[in-house]
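Structure first, then comments.
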Amino acid sequence: MSHDAAEIPADPAPGSGPGLARIHPGRRRRHRLLALVLGAAVFVVDTFTDVTGAIAVLYVLVMLAASDTFSRRGLILLALACAGLAVLSFFIAHGEEADASAVVRCGISLAAIGITTVLLLRDQASKRSLVQANAALARSEKRYRSIFEQAPVSLWEQDFSEVRAMLAALRQQGVQDLAAHARAHPAFARDCVRRIRTVHVNDATAELLRLPSPAEALGPIERFLPADDPAPLAVLTAVADGSSQFEGRAKLAAADGQVLTVLLGIAFPDEADEFGRVVVAMVDVTQREQIQQTQLAVQAELARASRAATVGALSASIAHEINQPLGAVVMNAQTCLRWLGKDPPDVEAAVRAAERTVRDGRRAAEIVQRTRGQLVRDQRSDEAIDLRALIEETVALLETELSTHAATVVTQFAPSVPPIRADRVALQQVLINLMTNGLHAMAETQAAARELTVSVDGPGAPDAEVRVAIRDRGKGIPDEVQARLFEPFFTTKRGGMGMGLAICRSTIETYGGWLTARTHEQGGAVFEFALPADTAQAS
Ligand code: ADP
């Protein structure tokens, strides 16, 4: 029997032994020597002494002593060798005259050797699969580590266990709405954040945070999170709700003081005891945001300019058209005065002149109306509009604006909302105006509470109207402002133009709807408009 063939290879490849490499070679030698001595002793006693009894059973000891030093094949060969020696002793000691009890004793010994072999092989197989599982685990951990370390995106391992336990306890105490709880306890989110610790980060994270080494990012995460960012509360809500992942946008304060905007992805583990190592990925989108913001600012500037141009064009064309009826009004009024100034006054002629004044005044009003109507009509192209899609698109358009104001939007749609008919661009401008006003109104609202609710109610009756309400969490509308809200050029903002709401109302009215504003019973302003359902499309 060649030892090399029987030994378990040092590196436990699939199907090989349980890792002989871990047995010290000196120990292995001692075990085999012990087995050899035991084997020889058993053979001598069994063959050459008169001791009765199943002495060959003691070969089991030989196998136990050497079991750790042989592979599967080696163990089988060893068992065969022991069995062979037992049989050899039997023939030497008893020859042809073996009695029945000697045969039974030999049989017992062979059975003991057989059973022990099976048990040892089984033990060896389970050890082998354990070693293989451990090796696979180690390989996968190594792979994960190398992906983690070399990934170009910022990766963090954070310990959420304390905060998770705290949120679970809160839920047990009956706190279901974490956002409401955070509003009632302003220090809550910060208190939670303080309990989240970073246990490991990769090089990309150190680079993102402008830190000289990853080690300096470890410890409490709090110092990298600006105070008024609503993202941590959203993450906490995801933990409290037992979500499996979180995706969103967050602010990050780098070591050089720059506040970065990052896209955040977190995978939460299934088991509570794995929250000590939650993997968080971040991608820096600060530059992209800045470009978007510049684009938005340019867009807003363009919108202002086009509004100003519209107003300019409107006034110029009204001024032009209205000159003639105004001249007639003045002339007729003068004539009227003249008739009245006569002695005696010619009342009849004066009444006729006054009537002409009224007629020309009305004409002037009609001209204003028509010119405005023409201007709006010229730019219009009506179509059937799915309000839900338009609102979702508008929210997406305002994404940067929303994140700048650290506000969120909640949308609520009735189960069935029929289409309405309007100019898409003009209607979107109304939504943008109302939502932007809402954002401005929440400038002094606590960050966690900055929420816009856009809700759409379908009509109760088939050809009734569709209502859209935009509610903010600002201070509401003061009485003195309420009365003048929709007046052109009325504004309380520095640099405001005061044309937004006037244009919104006139757009909505152009399509046969209405637009109102009020202060909500629970605070904040609600701007509500209604438009007739497009029954031709709906049916
Ligand atoms: P601007 O935004 O240029 O001031 P607007 O016509 O859009 O013009 O608004 C007119 C005024 O109405 C604002 O200056 C503000 O005082 C008031 N206002 C508009 N929206 C809101 C709101 N959501 N909450 C409170 N006040 C508002």
Side-chain angles (χ1 to χ4, degrees), residues 293 296-315 372 375-376 379 391 394-395 397-398 400-412 422-423 425-456 467-511 513-530:
Q293 255 168 19
L296 215 76
V298 171
Q299 258 173 26
E301 196 50 47
L302 213 68
R304 270 169 75 93
S306 97
R307 244 182 266 162
T310 311
V311 175
L314 196 68
S315 9
R372 205 184 119 255
L375 252 163
V376 176
Q379 299 167 352
I391 288 171
T394 311
V395 172
L397 217 86
L398 289 177
T400 318
E401 195 88 345
L402 285 162
S403 96
T404 312
H405 287 85
T408 50
V409 177
V410 174
T411 48
Q412 296 164 348
D423 176 72
V425 178
L427 193 57
Q428 186 158 61
Q429 205 56 39
V430 170
L431 290 167
I432 291 180
N433 264 325
L434 297 180
M435 287 168 72
T436 320
N437 274 348
L439 288 180
H440 293 160
M442 295 193 289
E444 284 163 31
T445 307
Q446 198 199 339
R450 278 182 216 153
E451 187 179 278
L452 279 181
T453 314
V454 183
S455 49
V456 183
R467 291 182 180 212
V468 180
I470 295 164
R471 183 191 164 194
D472 59 59
R473 303 296 196 281
K475 287 189 181 144
I477 305 162
D479 288 345
E480 65 279 12
V481 172
Q482 173 83 46
R484 307 189 55 198
L485 214 51
F486 294 100
E487 273 177 26
F489 303 111
F490 171 76
T491 181
T492 57
K493 296 176 195 166
R494 210 142 62 96
M497 195 168 178
M499 281 305 292
L501 288 178
I503 292 177
C504 287
R505 182 172 259 181
S506 105
T507 304
I508 296 292
E509 285 177 354
T510 305
Y511 296 104
W514 50 258
L515 165 66
T516 60
R518 65 189 162 88
T519 300
H520 194 273
E521 314 75 72
Q522 287 159 15
V526 188
F527 282 80
E528 188 174 19
F529 67 80

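Here, residue 1 is the first one in the sequence, and each next residue gets the next number. Order of listing sets the numbers, starting from 1, for every ligand and every atom in it.
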Margin query: Yes or no: does Asn433 have any heavy atom under 4.0 Å from an atom of ligand 1?
Written below: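 False for this residue.
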Margin query: Looking at ligand 1, is there an atom of it that comes within less than 4.0 Å of some heavy atom belonging to Phe486?
Written below: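 No, Phe486 has no heavy atom closer than 4.0 Å to ligand 1.
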Which ligand 1 atoms does [X] reach within 4.0 Å, using its non-hydrogen atoms?
X	result
Phe490	10 (C)
Phe527	20 (N), 21 (C), 22 (C), 23 (N)
Gly476	25 (C)

Next item on the list: Compare Ala517, Gly498, Gly524, Ala441 and give the one whose heavy atom is closest to atom 8 (O) of ligand 1.
Entry: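 Residue with the shortest heavy-atom distance to the ligand atom: Gly498.
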Next item on the list: Compute both the distance and the angle, then confirm whether Arg505 meets the cation-pi test with Phe486: under 6.0 Å from the six-membered ring centre, within 45 degrees of the axis.
Entry: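 Yes - Arg505 lies over the ring of Phe486, closer than 6.0 Å to its centre and within 45° of its axis.
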Margin query: Walk me through whether Met435 and Leu398 qualify under side-chain contact (heavy atoms from CB on, under 4.5 Å).
Written below: CA-CA 9 Å; Met435 287 168 72; Leu398 289 177; 3.8 Å; yes
Next item on the list: May I ask you to identify, for Leu434, whether its side chain, its backbone, both or neither come under 4.0 Å of ligand 1 on a heavy-atom basis?
Entry: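 The answer is neither; Leu434 stays 4.0 Å or more away.
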Next item on the list: Taking the side chain as every heavy atom from C-beta outward, state whether Glu509 and Phe529 have any pair of such atoms under 4.5 Å apart.
Entry: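 Counting from C-beta outward, Glu509 and Phe529 never come under 4.5 Å.
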Check: Do you know the tightest heavy-atom contact between Ala530 and Ile508?
Finding: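 So the two residues come closest at O-CG2, 3.8 Å.
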Next item on the list: Might you point out which heavy atoms bring Ala407 and Leu439 nearest each other, and give the distance in Å?
Entry: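 Looking at all heavy atoms of both residues, the shortest contact is CB-CD2, 3.6 Å.
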Notebook entry, point to check: When rounded to the nearest 0.5 angstrom, what distance separates CG in Asp472 from CG in Leu434?
Noted result: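 That separation rounds to 10.0 Å.
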Margin query: Is it the case that ligand 1 has an N or O less than 3.5 angstrom from some N or O of Gly496?
Written below: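 No - when backbone and side-chain N and O of Gly496 are compared with those of ligand 1, no distance drops under 3.5 Å.
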